[in-house]
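See structure below.
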Amino acid sequence: MKDGFIKIAAVSPDMRVADCVYNAEKIAEAMSHAAKDGAHLLVLPELCLTGYTCGDLFLQRTLTDGAEAALAKILSDTKKLPVAALIGLPAVREGKLYNCAAVIYRGKLLGVVPKKNLPNYGEFYEKRWFCSAPEENAGIRLCGGNAPFGTKLIFQCASMDGFRFAAEICEDLWVPEPPSVSHALAGALIIANLSASDETIGKAEYRRSLAEGQSSRLVCAYVYADAGCGESTTDMVFGGHNLIAENGRLLAECAPFSTGRCSAVVDLQLLSQERRRLTTYPESRAAGYETVTFEMETADTDIAEREIARQPFVPEDGAERGRRAEMILTMQAHGLKKRLEHSHAKHAVIGISGGLDSCLALLVAVRAMDLAGRPRGDVLAVTMPCFGTTARTKGNAALLCESLGVEFRSVDITEAVRLHFRDIGQDENDHDVTFENAQARERTQILMDIANKHGGLVVGTGDLSELALGWATYNGDQMSMYGVNASVPKTLVRHIVRYAADRTENEPLRRALLDILDTPVSPELLPAEGGKISQKTEDIVGPYELHDFFLYYAVRCGFAPRKVRRLAETSFSGIYDGETIDKRLKNFYRRFFAQQFKRSCMPDGPKIGSVTLSPRGDWRMPSDAAAELWLAELE
C-alpha cells in the first residue's frame, strides 16, 4: 500500500431468498470482480448469504446449515483472490442463532462479528430469531474451524500500515451512540456496515447524511452495503443503496435501484494524519478489543479514479463557489470593521495597484464601511506608480476607485526612489533585488505616513499564496496594520473577484474587475517593456494553481513531498509534465522554509479557511528550520 491508498467496494449482489447455493455463487463472483478491479476490501449486505427477509425460515436448520455450507464453498472458491470480504449470514454458536458478518481472506475465516440487539430497534422482527451479541469476545466453530467471535474485533493487515477495519450491522448506524465509536477508538480507520435497510420516501437522503456525518465524527472511512432488489417484496422493498464516505466527504454512491455496486480509493494516511492533527481526538484505546492480523500481498493502488481537487481551495460547483465567495467577503469585512472601530481609525488606507490582491482588499474595505454605516470616502486608496507601472494597471486602479466611490490619490514615487538610490549608492540600471525592494518599501512608508497623517489604518493586501512562498518584500508589502487577505490563496482571490464582477450592476466597476482578472499577476517592480508588464510572477516562481495545490496537501493534509508530487502528477496530468511539477515543488519547499521569518512577524488578519499561516494561530514554525529532509524525498 503506497502512500496510504487502498480501494474499497460495496456491492449488493444478485440473490434469491433462502437459496444459499445461488447466493454463494453471486458473492464469489462479486469477490472476483472486486479483486480484478483492484479492491482490497469488499463489503456485502446484511444476511446476504440467505437473504434478510427469510422470516421464520431462519429457525429452520436446513437454512442455517445451508448458509454454513455456502460460506465454506465461498472460502474454497476464493482462496486465490487478494481481497478481504465481509459477508452477512446467520450463524449458530452454542445453540443460539446470531445475525453475523463473516470476515474472510484467501480462503480463511478471520473472524465473525455478531449483531447486538439495540433498545427499541428490531423489536418485532429480528429479535424473533436472533440473539444479541455477547458482551465480550469469544470463539465460534464454523466451516470446520475455530474463529474469533464478538463485536470487539479489529481486523488489521500487517503488511499495509493503517489498514485496520471493524464491522457493525445495519441499525448500528442509526442509534445515538453506535458501536463504530468504540471501533474508531480502538484504532479502526475503516468502519464497514452490513445493512438491510428498506427504501421509503426520503430515507436515502437521511441514510447518506448519516454515513457522511459518521465518517466526519469518527475521522474514518465509512462503508455502507445495503440489501438489494433480490430481497422479498412481501412488505418492503430494498434498493441496494451503497455508500462510501471519508471524513465527511461522500466518495462514492450507488443510488437505490441502480447498479448495486460502488467503489472508491480511500486515503488512510489522510485519516491517520487528521486524527493526529486533532489533539482532542482520543488515543486509540478501547477496552476488550482483540486484533485479528492477516497478510495481504497486492499491487499499488491506482489513484486515477480518486477525485483529487486541482484547486482544493475553490469549490467546483458554481453555486457553492458563489456562496463561498460571499461568506469570505463578509468575514473579511466584519474583521476589518471591528479593527477600524477598535482602533478609532478615521480611514482605511490601501495601496491600490490595479492587481488582483489590492482589488480584493479594496472591495473588502468598501464593504466594511457599508457595514459600519460610514461613507465610502473613508477608504483612502493610494496608487504609487514607479518604474514598472503600466498605463493599464494605473488606469484600472483609477477606474476601480472611481466606480466604488472611494477617495483616490496618486503619488508618483519615482523621484523619491531615485533619491534613495543615490543615498545608498544603488545604480538605477542594476535591476537587482535592491532595485525592486526599495520601491516596495517606499510604497509602504508612504502608506504608513498617510495613515498617520489622516488617523488611518493601513490595510494589507498580500494573500496566503504569497505568504507561503515569501513573495513579499520584508518590511515592504509584507507589512501593514491589518491584512485582510492573509488566509485567502491566490486561486481563490481570483474567483472572489470574478464573483464581484458577475453580481455588480455597476458597469464601469464590472469592466475594471474583468480587466484586472485578465491582467498578468505582477509586482511591477521592473521597467515595463513597450508599455507592457515585463515581470510576471508565475514565470518566476511558477503557476499559482500548482503552489496552492502544494500548499493545501503539504500543510493542511501534512502529506510527505513524494505523495504531494504523486497527487499533483495525477491531478495535473496533461497540463504539466513531471519535470515541471518536480521543479516547482522543490521550489515551493525551498521558499516555504527559507521565508518563514516573514510569516513570523506578519500582521493580524482574519482566518478564513482551514489553512492559515499566522504564527499566532494555526502555523507554528521556527524561522531557521531546515528543508533538507523534505527536499531529499524528491531526489
Side-chain angles (χ1 to χ4, degrees), residues 314-315 318-337 340 345-385 389-411 447 450 454 456-463 482-485 488 490-522 524 533 606 608:
V314 181
E320 177 58 28
R321 266 201 314 273
R323 289 190 291 269
R324 181 77 57 87
E326 178 63 28
M327 177 57 74
I328 291 171
L329 282 167
T330 299
M331 293 169 69
Q332 290 175 286
H334 275 277
L336 180 58
K337 171 180 172 288
L340 289 168
K346 297 177 181 177
H347 294 275
V349 179
I350 301 179
I352 187 78
S353 65
L356 274 174
D357 291 341
S358 63
C359 173
L360 176 57
L362 185 60
L363 292 172
V364 170
V366 166
R367 184 175 285 218
M369 293 301 178
D370 290 347
L371 287 171
R374 295 174 55 173
R376 292 185 174 187
D378 284 353
V379 177
L380 207 169
V382 185
T383 188
M384 294 161 282
T389 304
T390 62
R392 179 182 187 181
T393 54
K394 185 177 180 182
N396 279 335
L399 180 58
L400 184 65
C401 293
E402 180 182 353
S403 59
L404 286 171
V406 304
E407 183 177 344
F408 177 65
R409 295 186 186 183
S410 178
V411 179
L447 292 174
I450 288 177
H454 297 280
L457 177 145
V458 177
V459 178
T461 62
D463 63 48
Y482 194 72
V484 293
N485 295 340
V488 186
K490 185 76 76 176
T491 49
L492 189 52
V493 170
R494 180 172 295 279
H495 284 281
I496 297 173
V497 173
R498 167 69 66 178
Y499 167 77
D502 289 344
R503 68 190 294 268
T504 185
E505 296 180 358
N506 184 329
E507 187 56 32
L509 175 60
R510 181 176 177 276
R511 287 201 309 272
L513 293 174
L514 291 177
D515 198 54
I516 288 169
L517 284 164
D518 196 45
T519 303
V521 177
S522 172
E524 291 192 319
I533 293 171
I608 298 301

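Just so you know, these numbers use all the heavy atoms, side chains as well, and skip hydrogens, waters and symmetry mates.
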message: Let's go through T330 and R367 carefully: what are the C-alpha distance in whole Å and the side-chain angles of both, what is the deciding distance for side-chain contact (heavy atoms from CB on, under 4.5 Å) to 0.1 Å, and is it a yes or a no?
response: CA-CA 8 Å; T330 299; R367 184 175 285 218; 3.3 Å; yes
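- H454 is not listed as a side-chain neighbour of V349, based on a closest heavy-atom distance of 4.5 Å or more.
- Side chain of H347 to backbone of V379: no donor-acceptor contact under 3.5 angstrom is found.
- From L509, atom CG reaches atom CG of L400 across 6.5 Å, with rounding to the nearest 0.5 Å.
- P315 approaches E320 most closely through the heavy-atom pair CB-CG, 3.6 Å.
- Considering all non-hydrogen atoms of both residues, P520 and I533 come closest at O-CD1, 3.9 Å.
- Judged by distance alone, the side chain of T383 and the main-chain N or O of S410 form no donor-acceptor pair under 3.5 Å.
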- prompt: Should Q332 and N485 be marked as a side-chain contact (heavy atoms from CB on, under 4.5 Å) after you check the CA-CA gap, both sets of side-chain angles, and the distance that decides it?
  reply: CA-CA 8 Å; Q332 290 175 286; N485 295 340; 2.9 Å; yes
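- Remark: L340 CG to M369 CE distance equals 5.0 Å, nearest 0.5 Å.
- Taking CG of D463 as the start and CG of L492 as the end, the distance is 10.0 Å to the nearest 0.5 Å.
- E524 and T393 share a donor-acceptor pair across their side chains, judged by distance under 3.5 Å alone.
- Interatomic distance, CG of L363 versus CD1 of I496, reported as 9.5 Å (0.5 Å rounding).
- Atoms CD1 and OH, from I328 and Y499 in turn, are 11.0 Å apart once rounded to the nearest 0.5 Å.
- The side-chain contact (heavy atoms from CB on, under 4.5 Å) with L360 is formed by just one residue from the set L329, V484, I516; it is L329.
- One N or O on the side chain of S358 and one on the backbone of S353 form a donor-acceptor pair closer than 3.5 Å.
- Heavy-atom minimum distance, L457 versus A345: CB-CB, 3.9 Å.
- With salt bridges taken as basic N to acidic carboxylate O contacts below 4.0 Å, one links R376 and D370.
- Comment: E326 does not engage R323 in a salt bridge, judged by the lack of any side-chain N to carboxylate O separation of less than 4.0 angstrom.
- Atoms CG and CD1, from L404 and I352 in turn, are 8.5 Å apart once rounded to the nearest 0.5 Å.
- With N506 contributing its side chain and S403 its backbone, the two residues share a donor-acceptor pair below 3.5 Å.
- Here the closest heavy-atom approach between residue C401 and residue F408 is recorded as SG-CD1, 3.5 Å.
- Atom CZ of R321 is surrounded by more than 12 heavy atoms from other residues, nucleotides or ligands within 6.0 Å.
- The two residues D378 and R374 make their nearest non-hydrogen contact at OD2-NE, 3.1 Å.
- The salt bridge (Lys or Arg N to Asp or Glu O under 4.0 Å) pairs that include a residue from residues 389-400 are R392-D515, R392-D518, where partners are two or more places apart or lie in different chains.
- For D357 (side chain) and G462 (main-chain N/O), no donor-acceptor pair under 3.5 Å exists by modelled atom type.
- Listed here is the closest heavy atom pair of R494 and L356: NH2-CD1, 3.4 Å.
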